[in-house]
Q: 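Submitted below is the structure of interest, expressed as structure tokens.
Everything quoted here is computed from the prediction, not taken from an experiment. Every chain is numbered from 1 and lettered A, B, ... according to where its sequence line falls, protein lines coming before strand lines. No hydrogens, no waters, no symmetry mates; every other heavy atom, side chains included, goes into these values.
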Amino acid sequence: MKVREIVARPAVTAGPETTIIQAATLMGQHGVGSVVITDHDSVTGIVTDRDLVTRAIAHRIPLDGRVDSVMSMNVVAIDADADVRDAMAAFSHHAVRRLPVLDGTRVIGLLALDDVISAFAGQFNDVTKGLTAQLLFPHGADRARMPALR
Amino acid sequence: MHAHPGDQLVIRNHHVGEPERKGEVLETRGPDGTQPFLVRWDESGHVTLFYPGTDCHVETLREKVAS
């Protein structure tokens, strides 16, 4: 399964000169918890709602300050055509919860750990249908045929 | 930031006792050797696309050999 198949949402991006309050407003408008900060089409950081709380509000940084003062740098990204298992490895090795998804060098989406869990949960559901059927209707010559589950 | 395949990427430590993170640049995906870089991390051997921050620097292959 490729990363591009399970990306649930486009990335919300903003420039480094964006203010903290503008970043918070963007999150609210788009219903997301993070904004990818880009400069001349290159990713320079990512800021999350948690960053705004723990790095800006908690330290009384003025809300009209630049968002790049509270963003996380050293961004790990994933290619849109990479396998989802590569994304899982990146989540694990780098202790991050979100990965910008790249098509070439263009950010086309944001993959959250939740997206991966949700995708695999769906697959587990399909796999366990048969198991559930076997538990409810054990195989046996003297028993009724197992009904097909939908 | 510019790099070439074979260069070493170093992320400086931010806390006392915290080791630097190092990795080998395998590819540069941006124009003219710019980021993102495909990096193999020394500590895990894991390969990721990476946009280095301002706390990173590149040691060229020549500098790496000299050290």
Side-chain angles (χ1 to χ4, degrees), chain A residues 2-4 7 11 13 16 34-47 51 55 66-111 113, chain B:
Chain A
K2 289 184 177 179
V3 166
R4 69 165 74 239
V7 175
T13 60
S34 62
V35 175
V36 179
I37 307 303
T38 60
D39 192 12
H40 297 97
D41 294 330
S42 182
V43 175
T44 58
I46 188 166
V47 64
D51 293 331
R55 296 177 181 169
R66 286 170 59 115
V67 75
D68 57 0
S69 64
V70 296
M71 71 183 187
S72 296
M73 299 183 298
N74 298 324
V75 177
V76 178
I78 189 87
D79 194 280
D81 289 319
D83 193 276
V84 172
R85 284 170 293 190
D86 293 330
M88 292 172 66
F91 284 126
S92 170
H93 286 288
H94 297 279
V96 293
R97 295 179 62 89
R98 300 170 178 91
L99 299 171
V101 178
L102 305 181
D103 188 357
T105 58
R106 193 166 57 94
V107 179
I108 62 165
L110 193 70
L111 182 71
L113 181 57
Chain B
M1 184 177 288
H2 295 258
H4 298 91
D7 290 348
Q8 189 167 51
L9 191 72
V10 181
I11 306 176
R12 283 193 293 272
N13 53 356
H14 292 272
H15 305 285
V16 175
E18 184 183 58
E20 290 181 331
R21 294 187 68 194
K22 296 181 178 180
E24 180 186 355
V25 176
L26 302 178
E27 291 177 27
T28 60
R29 297 278 178 94
D32 301 323
T34 56
Q35 53 202 15
F37 303 142
L38 192 67
V39 178
R40 180 191 292 122
W41 299 100
D42 290 1
E43 61 199 21
S44 64
H46 184 64
V47 176
T48 48
L49 276 173
F50 187 69
Y51 287 91
T54 53
D55 56 347
C56 291
H57 68 273
V58 172
E59 289 181 357
T60 64
L61 188 57
R62 185 182 297 175
E63 290 170 338
K64 194 167 74 170
V65 170
S67 65

Q: Using non-hydrogen atoms only, which part of A:L99 is less than 4.5 Å away from chain B: side chain, backbone, both, or neither?
A: neither
Q: If you apply the rule side-chain contact (heavy atoms from CB on, under 4.5 Å), what do you find for B:T48 with A:H93, and how did you get there?
A: CA-CA 10 Å; B:T48 48; A:H93 286 288; over 6 Å; no
Q: If the contact rule is any heavy atom under 4.5 Å from chain B, which residues of residues 82-92 of chain A qualify, in numerical order?
A: A:D86, A:A89, A:A90
Q: Within the structure provided, determine whether B:C56 and A:N74 are in side-chain contact (heavy-atom separation under 4.5 Å).
A: yes
Q: Tell me if the NE2 atom of B:H4 is crowded by more than 12 foreign heavy atoms within 6.0 Å.
A: no
Q: Would one find more than 12 heavy atoms of other residues, nucleotides or ligands at under 6.0 Å from atom CG of A:D41?
A: no
Q: I'd like to check A:T105 versus B:P36 (side-chain heavy atoms, cut-off strictly below 4.5 Å). Are they in contact?
A: yes
Q: Side chain, backbone, both or neither: which part of B:T54 has a non-hydrogen atom closer than 4.5 Å to chain A?
A: both
Q: Checking A:D79 against chain B: side chain, backbone, both or neither under 4.5 Å from a heavy atom?
A: both
Q: Report, by ascending residue number, the residues of residues 40-47 of chain B in heavy-atom contact with chain A at a distance under 4.5 Å; give 'none' if the set is empty.
A: B:W41, B:S44, B:H46
Q: side-chain contact (heavy atoms from CB on, under 4.5 Å) with B:Y51: which of A:L102, A:V76, A:I46?
A: A:L102
Q: Please report the shortest heavy-atom distance between B:D55 and A:M73, naming the atom on each side.
A: OD1-CE, 4.0 Å
Q: As an exercise, state the distance from CZ of B:R29 to OG of A:S42, rounded to the nearest 0.5 Å.
A: 13.5 Å
